[in-house]
Amino acid sequence: MIPEEVQRAAEILKPARRVMAFTGAGVSAESGVPTFRGAGGLWEGRRVEQVAAPEAFRADPLMVWKFYEERRQGVARVRPNPAHAVLAAWQDRFAEWTLATQNVDGLHQAAGSRDVLELHGSLWRVRCVSCATEREELVVPLPQMPPRCAVCGAMERPAVVWFGEFLPPGVMAAAQAAAERCEVLVVVGTSAVVYPAAGLVSIAADAGAKVIEVNPAESALAALAAVALRGPAGELLPLVDRRIREA
Ligand code: OAD
């Protein structure tokens, strides 16, 4: 039997031309990547805000690199799940498609998504703290901890966005423009508490988009959502996808 919400989500999505997806850590949960605020969200007793921060890196770069290196090693071992797969398939279903993610794990791209707007950067890129040269770094484990810039020899940092830092301006602008234009916004696996990324949902809702939320837990978005799919994304998105293709 198809739950009513799955049916409603499919009815909203099927005729839509401009669709955006906005994802957070929950979309990767079923791949085995821990979320930030759930059980297991602490790292060595520290909250994410105490590790993913410029002050933390200034005080103890090796500690921060250890955290990111663990995440790189963890992600290198896992595979995208059916939620990533459905979102990758949807890029070819709708006339206009934008996928913006707060995740730094690269699993959307591993599932085949193209042109992903990575609002918080990527675990697979590093940037020199001195000359700002940025490069891809896919080697796991890192050959050198902390890694050093080949251009100037200074220390490199993860090319991710930390608390208190600006989001990459071009990426955020593209996500905001898509949020303003979309007819449907599918929000998957985010507690939507971290701004400005979370503000994308209000931008879309204010501009008249229908919001479909996929999250097993009630989130801050419940009031904005036309449909709330309360369950794991890796189970529910494939049901919605099947329903769209059948209906
Ligand atoms: P959170 O850990 O805050 O939220 C993850 C959400 O995913 C929660 O609301 C869960 O209920 C939900 N969830 C768990 N399992 C799920 C599943 N199987 N399917 C769908 N949803 C599931 O992570 P984010 O919202 O991504 O920023 O956090 C946002 C940002 O805060 C992160 O990008 C990171 C963090 O600090 C920076 O590092 C700058």
Side-chain angles (χ1 to χ4, degrees), residues 5-6 9 21-43 46-57 64-65 67-68 70-72 74-75 78-87 99-108 111 116-125 127 157-168 171-172 175 186-201 211-225 227-241:
E5 286 74 23
V6 168
F22 175 46
T23 67
V27 78
S28 298
E30 289 153 87
S31 291
V33 181
T35 59
F36 292 96
R37 293 176 180 78
L42 288 183
W43 181 71
R46 296 176 171 94
R47 283 180 301 117
V48 61
E49 291 85 352
Q50 296 173 287
V51 183
E55 304 78 46
F57 190 74
V64 173
W65 260 118
F67 169 73
Y68 283 99
E70 271 181 31
R71 295 195 72 86
R72 295 172 86 253
V75 171
V78 306
R79 302 289 314 137
N81 68 61
H84 297 107
V86 167
L87 295 176
L99 172 56
T101 186
Q102 298 166 91
N103 298 346
V104 295
D105 56 29
L107 289 177
H108 284 303
V116 179
L117 297 174
E118 291 184 307
L119 298 167
H120 290 167
S122 170
L123 284 178
W124 308 110
R125 300 191 65 78
R127 185 168 71 243
R157 58 167 278 177
V160 300
V161 178
W162 285 331
F163 285 91
E165 294 185 325
F166 293 110
L167 273 61
V171 179
M172 190 58 196
V186 186
V187 187
V188 187
T190 178
S191 57
V193 293
V194 176
Y195 279 79
L200 289 175
V201 185
V211 176
I212 297 172
E213 190 196 14
V214 188
N215 193 322
E218 180 106 353
S219 81
L221 300 177
L224 292 177
V227 182
L229 296 166
R230 292 276 168 250
E235 290 173 24
L236 292 179
L237 282 178
L239 289 182
V240 174
D241 182 54

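The figures here come from the full heavy-atom set of this structure, side chains too, leaving out hydrogens, waters and symmetry mates. Order of listing sets the numbers, starting from 1, for every ligand and every atom in it.
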Handout entry: Region of V194 that comes within reach of ligand 1 [heavy atoms, distance under 4.0 Å]
Key = side chain
Practice task
Answer yes or no: is there a side-chain heavy-atom contact under 4.5 Å between E213 and S219?
Solution key: yes
Exercise for the section: Have a look at ligand 1 and work out which part of F163, if any, has a heavy atom under 4.0 Å from it: side chain, backbone, both or neither. Expected result: side chain
Problem - Parallel, tilted or perpendicular: ring planes of H84 versus H108, cut at 30 and 60 degrees - result: perpendicular
Fill in the blank from the handout: Quick look: T35 vs ligand 1, heavy-atom contacts under 4.0 Å, and the answer is both
Practice task
Could you establish whether N215 and ligand 1 come within less than 4.0 Å of each other, counting only heavy atoms on the residue side?
Solution key: yes
Practice task
Please confirm whether S219 comes under 4.0 Å of ligand 1, counting heavy atoms of the residue only.
Solution key: no
Practice task
For ligand 1, find out whether one of its N or O atoms is nearer than 3.5 Å to an N or O atom of A25.
Solution key: yes
Problem - Min side-chain heavy-atom separation M172-L200 under 4.5 Å - result: yes
Exercise for the section: Return a yes/no value for H120: is any of its N or O atoms, backbone included, closer than 3.5 angstrom to an N or O of ligand 1? Expected result: yes
Handout entry: Heteroatom proximity flag, A233 to ligand 1, N/O under 3.5 Å
Key = yes
Problem - Proximity of Q102 to ligand 1 by residue part, where a heavy atom lies under 4.0 Å - result: both
Practice task
Would you check if there is a donor-acceptor pair between the side chains of T23 and Q102 at a distance under 3.5 Å?
Solution key: no
Fill in the blank from the handout: Residues at least two apart in sequence or cross-chain that pass side-chain hydrogen bond (donor to acceptor under 3.5 Å, both in side chains) with R125, listed by chain then number, are E134
Exercise for the section: Compute the shortest N/O to N/O distance between G189 and ligand 1 and return yes if it is under 3.5 Å, no if not. Expected result: yes
Exercise for the section: Measure V27 to ligand 1 on non-hydrogen atoms and call it side chain, backbone, both or neither using the 4.0 Å cut-off. Expected result: neither
